[in-house]
Every structure is written in C-alpha cells, then in structure tokens.
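Data block below; observations after.
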There are 2 protein chains.
Amino acid sequence: MTRGTARSGSTPAPRSVDVARLAGVSQKTVSRVFNDEQYVSAEVRRRVLEAAEELGYRRNNAARALASGRTRSIGVVTLGTALYGPASLLMGVERVVRDTGYALRVVNTMEGDPAGVAGAVDSLLDQGVDGIVISEPIDEDGTEGAGGDTPLRIDVPVLVLGAPPPVTAPMVLTAGGGADLMAHTATEHLLDLGHRTVHHLAGPQRWYAARDRLEGWRATLTAHGRAVPPAVEGDWSAASGYRAGRELAEDSDVTAVFAANDDMAIGLIRALTEAGRRVPEDVSVVGFDDIPVAAYVSPPLTTVRQPFDAVAQEGLKRLVHAIENPGADALPTSNPPVDLIIRASTAPPPSRTTPAHGRRTASRSLGDPDHPPLPNGGPSSRH
Amino acid sequence: MTRGTARSGSTPAPRSVDVARLAGVSQKTVSRVFNDEQYVSAEVRRRVLEAAEELGYRRNNAARALASGRTRSIGVVTLGTALYGPASLLMGVERVVRDTGYALRVVNTMEGDPAGVAGAVDSLLDQGVDGIVISEPIDEDGTEGAGGDTPLRIDVPVLVLGAPPPVTAPMVLTAGGGADLMAHTATEHLLDLGHRTVHHLAGPQRWYAARDRLEGWRATLTAHGRAVPPAVEGDWSAASGYRAGRELAEDSDVTAVFAANDDMAIGLIRALTEAGRRVPEDVSVVGFDDIPVAAYVSPPLTTVRQPFDAVAQEGLKRLVHAIENPGADALPTSNPPVDLIIRASTAPPPSRTTPAHGRRTASRSLGDPDHPPLPNGGPSSRH
DNA sequence: TTGAAAGCGCTAACAG
DNA sequence: CTGTTAGCGCTTTCAA
C-alpha cells in the first residue's frame, strides 16, 4: 500500500534516525533492514518496517551514493531518434536495468551534435553512474582530427550495443554486434532465390551499424564470386529510400535490393512501384528490423529481425556483472539467433534462367540452429 | 579538451579540496567557481579552473545532492514500447531536459504491470528526482478498487503529457492534451469529403490518449448530427488494425474510418484491400501520428501529426519553472497547432450523392490559425 | 571578496 | 544479532 505515497510539501522527509527512534532501535539497524542484510531478528525487522511505513520513510539515495561510492545507476547513450531500432533497444535496456535494481539515466546524442558520444558519456560521468551503455554508436567526426581524437576514456565498465567505437574503459563489453551476419543472411536469401547479384541501400556510413550491414552484404557477394555493385547511401528514412528507389528503378539490371532498414525499404518499394517496376515480380526487396508494420505494407516485407530484447538482456547481465565484480573476467557471450522473416517482397528474378536451387524456403535461423524459426508469412500469421 | 576524460581505475577521484590546495584557495572558493557564484575574482577563478583541469576534477553529484537537497534530475515515466508516439515524446523530453541542465531518469511502465504508473512514480521518487514527467499515461486498473486507489500523491511538481490521470502534487501541469481536437479535425475532414458518418478504430481504452481520441470523434459526429457507429477497439498494432479491417470490410456501410494511430491504419488498409475494398475509392482512412513511413505506404496515408517536440518543450519549460519557483504560479499554456496531413488515403465516398461542399483541401492547421500548414501530399514533397 | 565550521543522511568498519 | 563511531564530498551558514 505504499503505492504513490509521498511527503506533502511542508514536513521534512523522515530520515532513518526517525525510523530508528520510533522502532526503538539504532539507526544502523534500520540501515540493515533496508539493505536486506542478514543478522536482524524477524521481530526487529518487522518493527522497523512498520515504523518506516508509518513515517513514510524513503531512503535518501544521494546519501547512500555518497557514503557507499556507488550510485546504483546505469547511464545509457542513445540516438535522439524515435527510429525503431534505437528505440527498441532503449526500451529493452530500461526493462533489464530496472530488473537488476539499478536506475537508468539517459542521454541522447543528436546527429550533428559536435560533442557526440563523447559529450554524452561525459555528461553521464558527471552525473555519476556505475556503468555505461552506448547504444548504436555513430562516429560523428568521420573526418578524424577535428577534435583531437583519442579513444574515449571511461572509468566505469562500458557495454556497447551494436558495433564498438574506440573506447577505453576498465571493461568493455559488446553485444548485438551481429549485424554483418544478419546482412549476410539477407543477401544470401536473395542469391538463393536466383538473383545474379544484390544491390544495397545502405544506412548513413557514420553509423557503425550501417557500416556493419554494408560489410556483411559486400562480403557475402564476394564470397559467392558475384559483382559488387556500388551501394546507395540513405539516411534511414523512408524518404531517402524513395529517392534511392527512383535511381535504382532506372537501372534494369537491378533485380534485388537489400535495404539497411525497413523504413528505407518501404520508401524504396514505393518508388519502384511508381516507376512501374513491380515488387517482387521485377525487383525483390529485403528490409532490416521487422518494424511493426512490416507485415502489413504492400507487399508484406521480407526482413531480418533483430532480437533487441535478447541483446539488451544479455548485454546488461554482463555489464552488471562487471560492475559488481570489478576485476573479474567478463561473462561469456552468447550469440542471439538472427531471424529472416520471409514475406512477399522477395521472389526469384524475372525469368531469364531458372535458378537451380533455392526456391523460397521458410523462415530460418542462423547462429542458433536449434532455435525454432519464428512464424513468418503474411499478416494473418503475426500476433 | 575535457572530452571523455576520466580517471583510470586505481587513483581515487580528486575532490574539491584537492583542487583548492593546488590552486592555493579554500575549498569553498572552488565550490563558488563551479557554481558560477559571484564574488570570485577573475584571477582566482582562472587558477581554480586550471587546477581542476589539471586534476581532471569532476564534481560529485551525490554529495551535491545530499548537501543541497536537490538532485537536479527529472524523472520520466514512459510506456515500455517502441511505439512511435511514446518514443518520440521521450526523445523530445530528453532533449529539453538536457538543455535545462537537468539529468534524466527513465522508468517504464509495462502494460500489464500491476504496479503501473504508481509503481514507476514510486521508483522515481525513491531514486530522488526534482520533478516528474508522466508520458502518455495508461490507467492500469480500469476495474478500480483492485488496489485501494486514491489519486497518486507526489511531492514534486508533475507534468503529464497526453491526458491527465488523477494525480495530487504540489503542482500538476499538463501539455499536449489536444488529442480530442486532433480527432475532431480528422473526423471532420472525412465528413467534409461527403461521408455520411465515420467509423472509428480506437486504441486500447485503458489509455487516456485513446479515450481522448474516441471522445473527439464521437463529439464531432454528434455535433454534426450523424450516426455514431460502434467503435472497434484495437491495441495500436498493425495486426489489430488488420483484424478490425476484416470485420469492417464486411459492412458495406463503412466508407470512412478514422484510426487512432497509423500502425492500425496500415493494418486496416491491408485488410480492406485484401477484401477487395479499395482505399480510398471505396473506403477512406485517416491515421494518427504521421509515422515516418506514412507517406510511403500504399496509398500514402492521410493522418494527423502530433507536434511532439513542441509539446515536450513547452511542457518542460513549465515544469522546470515550477521546480525552481516553488509556490509561484504556473507558466501559461500555449496550444500547439495540430496538422492534418492530407495524402491519398482519403477521398469522397463512392458516388451516391455528390457532397455539396468540402472538396479535398490542402493541409490545414487548427488551434493556431496563423501557423502555416506544413507541406503535405505525396512522398516527393516530404523532406 | 574569501574562508572556517557545521552538517546533509547514509554506509562502513569496528566493537560488543 | 545489535550498536558506535567515522567519514563520503559537497553546500550552507556565518565570519572575516
């Protein structure tokens, strides 16, 4: 029943001594009870809790932090966008952080912000955090040298979600770095369908995530001995996908495109369609993310789903471990599965030669062969 | 050049006394410099700053908070979703909070979480915040009585974004509550087009925002003396929109639907199309939010755009004012404009009688008649 | 303009 | 099992 209870303006907030007095114990005992330390008799514990309840006692976190040297909070650096990927990651992080008993402090990096990730981390360090999560970092000064750039030095454990920028810290963890693997899966799906090669609508190359995807795509084509057409760079927006689509529509060699995210894929499809090139009959398109509407656009989008929650959870578990066991070894990584969701935006290329193998297959997992593929297909099969 | 600088593990962090010693002044003077207090000679200030720089000094926030009683941080309660609306609001909030010099603490409410908003607020109060922002509240126990529910009592100023749940606090501010007005605009647009009435695909009614939209829709129909068909309730997802679409497709009286968000609108359109009902020729659909891909789906979606950034900015300015001037009057509210973005998912109803007035008009603003309408139309006109 | 002293409310050693 | 004694690193008084 403590729900939402709080002091009303005037009365000063009760302190642990007040509780101690009321319960007839020492202040330290109150502290013990609230920290779930052992060696407190059930009877005393009950009395303390009761007194605390009566007074509406709430521990003062500033005092706690000051005395213990631990803030019990984790800072996260995110991009200042409502983009599905970063937003999902942030939500996943919040969930896990709260579960672990830490508080979450958030700072955004805005694109174009000169201070970039470094500034955000700095501000977090100023605020005082026990660990830092850098989500989907982007590398603001691609020019290098504009800011006297040494790797970022941080004195708390760091978890980088996505791909790692240069960071120096007592412990650097990464999670969810499998973007290249996912790009590989997407590209290979298209190749399997019989396409000669696959074009790529890339994300902004300042984003490590975008570079990873591009790299995975390129490597796959190379591994198959296919031509690597120049990639078109977008900015994650559907608008940029649309613009790229107008370009690509003019090149009749284009029969398959792997877009670095679903928004761009949707813009791309629209442009293609408007230009008279049907999807998937003339051109196949694969997206990336599996945004909520992906199954409902026309045609339903074949895409790669990132396991945001799993990534956040696994990464944070390791971060918290590093925070609470300084000096200890990092917990082992486990690669979350990547799922290719095959819907209706991909098909074999317009007849020319029938592909020998690779008819459309069902959803499949990579990285964890035992993981059962998720339901795919049209809208009706999604929750 | 302080970018990213931080202590390396072993050396204890320098304190203000260390800086004082090095600068040859008292510790209090260091404090003065860092708080930008007056009465410090330029010379002394310089020496202090220099010493601080040399030592890599960083103020200890816990100590500051403990001594001053202010945490200089604002807590925000959001939904644990990557939904465009809530995510956008959160990003907007972060931006402004940082600008005002406060730190941001985030706690999510998960749907189905028994503690709900109350629990989230409680956790924020535990952590210690100077003010609280509740974003898009939902009212978890619609049943009432399940938790002995008195209005939430909070002892710091509160800003509610969206629609206000019952809250008791020294100062309760609201911003962005114009959802009913926006719903009105959307509904009226459809009526202007000549539709006899408008159906509504509502959001989950536990959400205040969803209720507001429904109310705006209902009121508009009533005001025009039109029949108010039963609303269909979805859960914001495209999947739920799709399900609703299958239902509505069977009712040939349905010629216009106002969906409470874009995701549902997209699912709805897909179901309608699959059922052979063309959009907008047979059925017009209006969404809500103007998500990034709205202009690129087929057909491009007519929707209502919420001014997230403006709402966050305005609300926070008022919250910070309330925090820093306890007892003072709240700053006045200004209603941000609501924009109806007309694209291709709406049209006059299938011929029957030609509507007297209301041919498709350009984008228009409500609430701020002087505000120039934003560019609308197809993809090509979007950035 | 500057400094000295006294806490803020809690946790961390140590006793008992 | 429980209590005592010190601080944690600042901001506040109040003097100088």
Side-chain angles (χ1 to χ4, degrees), chain A residues 7 11-49 51-52 55-73 101 103 125-130 324, chain B residues 7 11-49 51-52 55-73 101 103 125-130 324:
Chain A
R7 329 253 59 268
T11 343
R15 301 151 304 158
S16 57
V17 248
D18 300 323
V19 176
R21 204 154 19 224
L22 183 60
V25 297
S26 81
Q27 183 265 2
K28 172 67 218 187
T29 298
V30 174
S31 170
R32 283 209 179 86
V33 170
F34 276 85
N35 287 321
D36 267 318
E37 284 174 35
Q38 47 183 358
Y39 302 138
V40 235
S41 69
E43 160 61 6
V44 169
R45 163 168 274 118
R46 197 190 50 68
R47 281 214 322 268
V48 168
L49 257 16
L55 262 29
Y57 171 67
R58 215 180 260 280
R59 270 188 303 195
N60 179 318
N61 244 288
R64 238 152 90 78
L66 179 56
S68 68
R70 294 183 44 203
T71 63
R72 289 167 186 79
S73 67
L125 256 15
D126 264 355
Q127 295 175 30
V129 290
D130 295 340
E324 298 181 345
Chain B
R7 333 251 58 270
T11 342
R15 301 150 304 156
S16 57
V17 248
D18 300 325
V19 176
R21 205 158 14 227
L22 183 59
V25 297
S26 80
Q27 184 265 356
K28 171 67 220 188
T29 296
V30 173
S31 169
R32 283 208 179 86
V33 170
F34 275 85
N35 287 321
D36 267 320
E37 283 174 35
Q38 47 184 355
Y39 302 137
V40 237
S41 69
E43 160 60 8
V44 169
R45 162 167 275 117
R46 196 190 52 68
R47 281 215 320 267
V48 169
L49 257 18
L55 261 29
Y57 172 66
R58 216 181 263 279
R59 268 188 302 194
N60 179 318
N61 246 288
R64 236 152 90 78
L66 178 56
S68 68
R70 294 184 44 203
T71 63
R72 288 166 187 80
S73 67
L125 254 16
D126 264 355
Q127 294 175 30
V129 291
D130 295 341
E324 297 181 346

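Atoms considered below: every heavy atom in the structure, side chains included; atoms not considered: hydrogens, waters and symmetry mates. The shown structure was predicted, so the numbers you read here are calculated from the model rather than taken from an experiment. Residue numbering restarts at 1 for every chain, and letters A, B, ... go by the order of the sequence lines.
Remark: A:Asn61 pairs with no residue by the side-chain hydrogen bond (donor to acceptor under 3.5 Å, both in side chains) rule, at least two apart or across chains. Under the rule for a side-chain contact (heavy atoms from CB on, under 4.5 Å), the partners of B:Asp126 that lie at least two apart in sequence or sit in another chain are A:Arg58. Looking at residues two or more places apart in sequence or on another chain, you find a salt bridge (Lys or Arg N to Asp or Glu O under 4.0 Å) between A:Arg46 and A:Glu43, A:Glu50. Residues passing the side-chain hydrogen bond (donor to acceptor under 3.5 Å, both in side chains) test with A:Glu324 are A:Tyr102, sequence neighbours excluded. A search for salt bridge (Lys or Arg N to Asp or Glu O under 4.0 Å) contacts involving B:Arg59 returns nothing, not counting sequence neighbours.
Looking at B:Arg47, its side chain does come within 3.5 Å of a backbone N or O of B:Ala23 through a donor-acceptor pair.
Per the geometry, CD belonging to B:Glu37 stands 12 Å off P belonging to D:dT13, to the nearest Å. At whole-Å resolution of the value, CZ in A:Arg70 and C1' in D:dG9 are 19 Å apart. If you take CG of B:Asp18 and C1' of D:dC8, they are 13 Å apart, rounded to a whole angstrom.
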Classify every nucleotide of nucleotides 1-6 of chain D by which part a protein heavy atom approaches to under 4.0 Å, writing B for the base, S for the sugar-phosphate alone and - for neither, in 5'-to-3' order.
-> BBBB--
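Proximity of B:Ser31 to the phosphate of D:dT11: a side-chain N or O atom is located under 4.0 Å from OP1 or OP2. Taking side-chain N and O atoms only, B:Asn35 has a distance below 4.0 Å to OP1 or OP2 of D:dT11.
Of the candidate nucleotides C:dC10, D:dT11, D:dC8, D:dC8 has the atom nearest to the side chain of A:Leu66.
Positionally, the nearest nucleotide of DNA chain D for A:Ala67 lies more toward the 5' end than for the other of A:Ala67 and B:Ala67.
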